Amino acid sequence: MTRQRGFTLLEMLAAITLLVVASSILLGAFAQSSRALVQVQNSDRHNAAARSLMDDFDLGELAVGQQRGSWQGIEWVLDVDQVPAATSRLALYQLDLTLSDNGRTSRYSTLRARVAGANK
């Protein structure tokens, strides 16, 4: 009588179990990378909005106070405060921009200098 060679049922179950564990680890890694990609896309969207809005604010007059608006579905709030400058020839403004959409909020802050008396 010849002895057959092959895998036993126990070996097959062990191999399948190992395959399931490995594939679940890979699936978790893919899910995590997908969530990270969505976060990066949202962050890039807010960064682009902030850059565009700050460029728009540079073109206009800076007035101390608060402004609100919406930019491509992103709600924004701009707080402008005048900061004491080292020289009387310059007016220094601090711009604090807050962007929010879909429960995500981003804050940006910068300084802008203007010649005193000429706000543009």
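From a predicted model like this one, the values you see are computed outputs, not experimental measurements.
Among residues at least two apart or in separate chains, salt bridge (Lys or Arg N to Asp or Glu O under 4.0 Å) pairs with a member in residues 99-111 are Arg45-Asp101.
Among residues two or more places apart in sequence or in another chain, the side chain to side chain contact (heavy atoms under 4.5 Å, CB included) test is passed with Glu11 by Phe7, Thr8. Among residues two or more places apart in sequence or in another chain, the ring pair (Phe, Tyr, Trp, His ring centres under 6.0 Å) test is passed with Tyr108 by none. Partners of Ser24 by side chain to side chain contact (heavy atoms under 4.5 Å, CB included), not counting sequence neighbours: none found.
Leu27 shares a hydrophobic cluster with no other residue; no ILVMFWY side chain has heavy atoms under 4.5 Å from its own. Think of Ile25 as one node in a network of Ile, Leu, Val, Met, Phe, Trp and Tyr side chains linked at under 4.5 Å; its network also takes in Val21.
Inter-residue side-chain proximity for Gln67 and Phe57 is flagged as met; some heavy-atom pair is nearer than 4.5 Å. Contact check for Asp44 versus Val40: side-chain heavy atoms found under the 4.5 Å cut-off. Using a 4.5 Å cut-off on side-chain heavy atoms (C-beta onward), Arg114 and Asp58 make contact. Using a 4.5 Å cut-off on side-chain heavy atoms (C-beta onward), Ile74 and Leu53 make no contact.
How far OG of Ser109 is from CG of Asp79: 10.0 Å, rounded to the nearest 0.5 Å. Annotation: the span from Leu111 atom CG to Asp96 atom CG amounts to 9.0 Å, rounded to 0.5 Å.
Put simply, the side chain of Ser34 never gets that close to the backbone of Phe30: no donor and acceptor are under 3.5 Å apart.
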